[in-house]
2 protein chains.
Amino acid sequence: MGRKTNGNNRKKSKNSVEKKKLIIRAATEVFAGKGFHSCRISDIASRAGVAYGLVYHYFENKEEILNTIFDKNWGLLNSLLEDLAGRDIPLRQKMTELASLILDAYRMVPELIHVMVIEIARSSRQLSRPRLDQYVRSLEQLGSILAHHQRQGEIRADLDCRLLAYQFFGALELVLTGYLLHMLPGNDRDFEAIKKQVIDVFLAGVA
Amino acid sequence: MGRKTNGNNRKKSKNSVEKKKLIIRAATEVFAGKGFHSCRISDIASRAGVAYGLVYHYFENKEEILNTIFDKNWGLLNSLLEDLAGRDIPLRQKMTELASLILDAYRMVPELIHVMVIEIARSSRQLSRPRLDQYVRSLEQLGSILAHHQRQGEIRADLDCRLLAYQFFGALELVLTGYLLHMLPGNDRDFEAIKKQVIDVFLAGVA
DNA sequence: CCGTGTGTTGACGTTGGAGTCAATCGGCGG
DNA sequence: CCGCCGATTGACTCCAACGTCAACACACGG
């Protein structure tokens with residue numbers, strides 16, 4: 001299968017990195033399709049078109065695959081949030097960028113988002129500590145962004161911003177779940193309308 | 001263990017009904033503690049203080065236990081929603097009753113709510129059809145309640161009530177999750193404040 | 001007082017699937 | 001051309017947990 005191993009470093013061939021990605025992609029699809037718990041390593045291997053044992057060559061176990069998927073992608077969300085915290089733009093624009101990242105990501109790679117939202121976020125008990133911390137960090141970050149705008153008078157003073165962050169995230173998340181479970185029908189035009197409504201209602205609610 | 005089997009019907013002694021409840025209670029605690037997937041039947045049996053095999057005397061398998069828990073309690077939610085749909089009271093009062101049912105239930109039996117929210121609602125793939133249907137039905141019911149008030153002019157005409165239902169539920173749910181995962185601290189006083197804020201923001205947002 | 005039933009027990013057989021590993025492949029450097 | 005070493009394979013071992021089942025307990029009716 002491998003071709004030229006060009007002048008990279010010796011330890012990891014370029015090919016090996018590709019293989020790892022291949023397995024991650026396959027795992028994402030399988031997790032989305034059968035769920036994390038009910039799929040077997042062999043499902044991932046055969047979906048990726050590699051031997052059973054190879055999965056263990058690249059990953060400790062199933063859990064580590066899930067963690068890898070989570071870390072890489074949740075990191076994107078966190079860095080957007082950190083970025084937004086530093087920028088001096090209207091609240092609406094911040095909320096729009098946040099909602100866009102999440103909803104657009106779904107449009108691009110629905111299986112990935114399925115795994116992120118359904119399989120990981122709510123596993124609670126088996127959600128390993130680092131995972132939970134990232135989750136919490138996102139919420140806290142959003143909370144402090146909101147608090148900043150509250151000081152500017154854009155948000156009513158009597159509201160708890162920490163709680164508001166949970167409310168907004170929750171609303172976004174269940175709307176997404178509706179799509180994931182095919183409860184809500186939707187095409188691209190609808191998507192923009194949804195984004196708009198979620199943000200409008202939130203902003204009108206806190207103003 | 002058994003005492004008098006009084007003049008009940010012959011098939012099921014009163015005692016047997018109690019035993020079944022005992023197992024359900026134990027299962028709820030265990031599910032909440034270790035998660036549905038990672039707990040064993042033997043965990044439930046020993047928590048209930050009964051023999052392993054007895055669990056199979058009362059239930060087909062682990063899945064059926066979960067379904068039993070779900071059905072009984074989600075039914076309560078659905079009947080409240082149906083009730084609210086028929087009553088002629090202000091929107092605020094309806095939302096308050098709904099939020100109260102959910103949040104107060106948590107205050108009474110946190111482990112149960114933990115299982116309902118975390119373990120069941122988001123299992124999606126393995127969520128058996130009847131379960132999913134009940135879930136959807138609740139959302140639809142709330143959606144039509146909102147639509148009714150929209151016709152009365154209490155909700156802006158440009159909003160999609162179906163989507164609003166998802167937004168409200170989602171907000172409530174993630175706030176609850178915050179508590180369940182101990183991300184949000186809370187005592188009884190806070191609880192009322194939270195309920196108020198979630199409803200206030202929603203109503204202000206849709207008005 | 002025995003016979004029948006449901007209630008209850010825990011050891012046992014089975015199995016799905018995780019994780020191991022010895023063997024083979026294949027590219028690259030020498 | 002050779003030998004090394006990472007990449008790759010899939011058969012095999014092992015075990016946890018499921019679900020079964022034969023036997024025992026105990027209450028009641030006859």
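Lettering of chains follows the sequences in order, A, B, ..., and the numbering in each one begins at 1.
Nearest nucleotide to the side chain of Tyr52(B), out of dA7(D), dT20(C), dG19(D): dG19(D). Considering only the side chain of Tyr56(A), dT20(C) comes nearest among dT20(C), dG19(D), dG10(C).
Between the CG atom of Leu54(A) and the P atom of dG19(C) there is a distance of 16 Å, rounded to whole Å. Atom C1' of nucleotide dT8(D) and atom NZ of Lys20(A) are separated by 16 Å, given to the nearest angstrom. For the pair Arg40(B) CZ and dT15(C) P, the interatomic distance rounds to 22 Å; values are reported in whole Å. Here the P atom of nucleotide dG19(C) and the CD atom of Glu64(A) are 11 Å apart, to the nearest Å. Counting to the nearest Å, the C1' atom of dG26(C) and the NE2 atom of His57(A) are 14 Å from each other. Rounded to an integer number of Å, the gap from CD of Glu63(B) to P of dC18(D) is 13 Å. One can place CD1 of Ile41(B) at 16 Å from P of dG10(C), the figure rounded to the nearest angstrom. Rounded to whole angstrom, the span from the CD1 atom of Ile44(A) across to the C1' atom of dA18(C) amounts to 12 Å.
Checked by atom type and distance alone, the side chain of Gln150(A) never pairs as donor or acceptor with a backbone atom of Cys161(A) at under 3.5 Å. A donor-acceptor contact shorter than 3.5 Å links the side chain of Glu64(B) to the backbone of Glu60(B).
In this structure, the separation between OG1 on Thr177(B) and CD on Glu173(A) is 7.5 Å, given to the nearest 0.5 Å.
Across all strands shown, dG5(C) forms no Watson-Crick or G-U wobble pair with both key distances under 3.5 Å.
With Tyr58(A) as the aromatic partner, Lys21(A) does not meet the cation-pi criteria of under 6.0 angstrom to the ring centre and within 45 degrees of the ring axis.
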